[in-house]
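The block underneath contains the structure these notes are about, expressed in structure tokens.
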There are 2 protein chains.
Amino acid sequence: MHLFWEHGYEATSLAMLREAMGLTPPQIYNAFTDKETLFRKALTRYHETEIGFALEALSAPVPTREAIRRLLLSAAEAYSRPGKPGGCLFVSGALAASPQAQAIADELKAYRKASEAAIAERLAKGSAMGDLPEGPSVEGLAKYIAGVMNGMSIQARDGASAEELRIMAQTALAALPADRQNRGASSKE
Amino acid sequence: MHLFWEHGYEATSLAMLREAMGLTPPQIYNAFTDKETLFRKALTRYHETEIGFALEALSAPVPTREAIRRLLLSAAEAYSRPGKPGGCLFVSGALAASPQAQAIADELKAYRKASEAAIAERLAKGSAMGDLPEGPSVEGLAKYIAGVMNGMSIQARDGASAEELRIMAQTALAALPADRQNRGASSKE
DNA sequence: CAGGTTTCGTATCGATCGATATGGAAGATT
DNA sequence: AATCTTCCATATCGATCGATACGAAACCTG
């Protein structure tokens with residue numbers, strides 16, 4: 001998973017995976033069928049073990065703005081963990097791909113779209129509760145937040161520290177209109 | 001250039017380049033030495049022909065916030081031009097790379113850092129002119145803006161329309177404190 | 001028009017990719 | 001203990017990568 005995270009799908013060779021896992025080629029193919037299946041296994045594992053912060057932040061019983069704040073700040077941490085590759089696997093796994101790997105690129109794109117949809121869903125809930133007063137539409141706001149997280153992923157890959165990512169998250173949050181209710185209650189910006 | 005832009009450095013094969021340019025392998029190597037040199041030529045050409053909007057926006061004689069507004073909005077256009085690959089070559093060229101292509105990945109990272117530095121320079125100028133009142137530091141703000149542009153690049157690659165990118169740009173701009181002087185003079189948000 | 005030179009496309013190079021066939025060691029059964 | 005079966009690491013597969021050697025066609029020179 002770390003190798004795919006660091007180098008992306010296509011640039012990670014079987015030889016690298018073999019050395020990292022300490023397995024022989026037949027062992028790999030017996031266990032994972034082929035490289036594509038192995039990558040998909042890594043994707044689901046990544047989703048389960050490294051991306052929990054997103055669901056946690058979006059489902060917390062807090063005002064909408066606070067939920068987004070938690071989402072962005074925990075992303076800042078997750079994208080700059082020591083000992084882990086920088087950024088998000090869903091972004092660096094295959095932003096650009098050869099025609100043969102288009103299926104993989106499409107799958108990663110679907111993961112990114114799903115993240116944006118989850119954000120939009122949370123925003124829609126907030127909007128229905130009168131928690132998200134004026135400003136851009138839910139879809140536009142979700143695209144902005146998802147986009148900022150993608151941007152944080154690239155900044156992390158370029159060496160941004162956790163503190164720098166936190167600042168970026170805080171700055172991004174300033175674009176969101178303040179809550180009408182619970183204003184400043186649980187936020188300590 | 002379009003092939004590298006669409007598929008990235010490593011995933012673009014000599015066979016694709018050969019077909020696109022209508023050249024035979026020796027012609028390519030006579031003209032460009034090797035694949036790496038060809039890619040660097042494409043990079044400089046991209047910088048000259050597709051990224052002019054950035055320098056134009058940052059050097060325009062307008063208030064700081066208006067300059068950033070123009071930067072983000074023109075990026076929204078540039079990243080979603082019909083007939084061109086989505087996003088920015090500096091991002092999709094090689095976000096993740098194999099160890100052999102690390103030099104290319106580092107060079108692209110340097111381009112991204114230079115963009116951020118250019119933004120920081122413009123912000124510093126504005127700050128010195130009292131044009132950028134309170135809020136985060138110049139470096140933090142520059143990292144935010146550059147990060148948002150990187151995020152827009154990914155959203156564009158995922159199929160976001162020019163209008164959706166414009167909305168994202170406008171939303172991102174809301175995070176910037178309003179100018180103390182010339183407030184709303186040249187901005188039509 | 002003949003000879004010599006240059007140019008350029010084809011065919012192929014060694015290396016590496018993802019994936020697999022094969023020979024030999026380990027363990028089970030009679 | 002001898003034989004047979006099972007399992008697994010090495011060696012290798014065809015395909016493709018980036019890059020180049022070589023032979024034929026074109027062109028200039030005498």
Side-chain angles (χ1 to χ4, degrees), chain A residues 1-46 85 89-111, chain B residues 1-46 85 89-111:
Chain A
M1 182 181 81
H2 284 192
L3 282 172
F4 283 131
W5 195 350
E6 174 72 28
H7 301 289
Y9 171 66
E10 291 189 283
T12 302
S13 73
L14 261 278
M16 297 162 69
L17 295 166
R18 185 167 54 82
E19 185 178 4
M21 298 194 288
L23 297 179
T24 64
Q27 285 173 327
I28 294 182
Y29 284 93
N30 280 334
F32 304 104
T33 308
D34 60 4
K35 189 189 180 184
E36 192 169 324
T37 306
L38 171 57
F39 181 72
R40 289 201 158 89
K41 283 242 179 188
L43 274 189
T44 63
R45 181 169 187 81
Y46 177 81
L89 172 59
F90 295 156
V91 172
S92 49
L95 227 197
S98 71
Q100 297 88 340
Q102 184 90 51
I104 293 291
D106 288 346
E107 176 143 350
L108 284 167
K109 175 175 159 181
Y111 272 97
Chain B
M1 183 181 83
H2 284 192
L3 282 172
F4 283 131
W5 194 350
E6 174 73 27
H7 300 289
Y9 171 67
E10 291 190 284
T12 303
S13 72
L14 261 284
M16 297 161 69
L17 294 166
R18 185 167 55 82
E19 187 177 4
M21 297 194 287
L23 297 180
T24 64
Q27 286 174 325
I28 293 182
Y29 284 93
N30 279 334
F32 304 104
T33 308
D34 60 4
K35 188 188 180 185
E36 193 169 323
T37 306
L38 170 56
F39 181 71
R40 289 201 158 89
K41 283 245 180 188
L43 275 188
T44 62
R45 180 169 186 82
Y46 176 80
L89 172 58
F90 295 156
V91 172
S92 50
L95 228 196
S98 73
Q100 297 88 340
Q102 185 88 50
I104 294 292
D106 288 345
E107 174 143 351
L108 284 167
K109 175 175 157 182
Y111 272 99

* What is the distance from CD of A:Gln100 to C1' of D:dA15, rounded to the nearest Å? -> 11 Å
* **Student check: side-chain heavy atoms of B:Glu36 and B:Phe39 closer than 4.5 Å** => no
* Asked: Just wondering, more than 12 heavy atoms not from B:Glu19 lying within 6.0 Å of its CD?
  -> no
* To do: Find out whether A:His7 and A:Pro85 are in side-chain contact, i.e. whether some heavy atom of one side chain is under 4.5 Å from a heavy atom of the other.
  => no
* Structure fact -> Numerically ordered, the residues 11-34 of chain A set in heavy-atom contact under 4.0 Å with DNA chain C is A:Thr12, A:Ser13, A:Leu14, A:Pro25, A:Pro26, A:Tyr29, A:Asp34
* **Separation of atom CD in A:Glu10 from atom P in C:dG18, rounded to whole Å** => 10 Å
* Gap between atoms CZ and P, on A:Phe39 and C:dG18 respectively (whole Å) -> 13 Å
* Asked: Taking CG from A:Leu3 and P from C:dG18, how many angstroms apart are they, rounded to a whole number?
  -> 12 Å
* Do the non-hydrogen side-chain atoms of B:Ser13 and B:Met16 ever get within less than 4.5 Å of each other? -> yes
* Asked: Can you check whether A:Met21 reaches A:Leu38 side chain to side chain, under 4.5 Å on heavy atoms?
  -> yes
* Asked: Atom NZ of B:Lys35 and atom P of D:dA19: how far apart are they, to the nearest Å?
  -> 8 Å
* A:Arg45, CZ atom: more than 12 neighbouring heavy atoms under 6.0 Å -> no
* **Separation of atom CD in A:Glu36 from atom P in C:dC17, rounded to whole Å** => 18 Å
